[in-house]
Every structure is written in structure tokens, then in C-alpha cells.
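Below, each value reflects all heavy atoms present in this structure, side chains not excepted, and no hydrogens, waters or symmetry copies. Treat the numbers as computed from the prediction; the structure is a model and nothing was measured.
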Amino acid sequence: MTTRVGGDLVQNSSEATRVLAMFRRDGYTAVASDDARFIRRLRVLSVPFAVPAVIIVLLYRDGVLTNDAARAALEELRQHISPDQYATGVLMLTGGGEE
């Protein structure tokens, strides 16, 4: 698992405990991760979370990123996230994830 909290890149399950401590101590509003085991833990603890690909899509939908910039960001993120998250992000950017 690799998770970014603030400017810190945090790895492995013992680091998950540090991420949770930083979340509580430093007043973050959510944790970003695509690690399935860590997300299950976040759900059990009722900690708000987001997956990185969805954050990029939301930045696009809010007008912070152009579609091209969002696609480029998603491509840069590709090697660090699950194939499912990447595919979901691409689908959402092409309009296939509209509600």
C-alpha cells in the first residue's frame, strides 16, 4: 500500500496506523487511498475516504482541471493505482460515469 497524506508518502500496513493518527491529529477531512484492505479499515472506523482517480474526476467536474489535464493526471497516476480505479476514472471522464 502507498498512501499520500499531506506531503508524506506512507507505505505498508504499519503505516496505515500512522495515516489514521495523522488524519485524527492534523484535522484532515478525508484519506485518499485505493488499497482495498485499508479502505475496508477506513469504512469500519467511519473515516471518510476517496480514491485518487475519483479526486481527479471531481477536479475536472468542478472546473479546476480541463478534460485534457485530468486525462494526463490520470495517466500519470496509472502505475500507482489499481486497474479498476484507472478504468473507472477514464470512464467517468468520457461521460460514461454520469449519474
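Using a 4.5 Å heavy-atom threshold, the side chains of L45 and R24 count as touching. V44 is not listed as a side-chain neighbour of R40, based on a closest heavy-atom distance of 4.5 Å or more. Residues Q85 and L77 fail the side-chain proximity criterion, which asks for heavy atoms closer than 4.5 Å. At least one side-chain heavy atom of V51 sits less than 4.5 Å from a side-chain heavy atom of I39. A heavy-atom distance below 4.5 Å is found between the side chains of P48 and F23. Using a 4.5 Å heavy-atom threshold, the side chains of R71 and Y60 count as separate.
No donor-acceptor pair under 3.5 Å is formed between the side chain of D26 and the backbone N or O of Y28. Counting only distance, with no hydrogens or angles, the side chain of D34 and the backbone of S82 share a donor-acceptor pair below 3.5 Å.
The heavy-atom pair separating A53 from I81 by the smallest distance is CB-CD1, 4.1 Å. The two atoms that bring I56 and A70 nearest to each other are CG2-O, 3.5 Å, heavy atoms only. Heavy-atom minimum distance, L42 versus F49: CD1-CB, 3.6 Å. The heavy-atom pair separating L74 from G89 by the smallest distance is CD2-C, 3.5 Å. The shortest heavy-atom contact between H80 and E76 is CD2-O, 3.8 Å.
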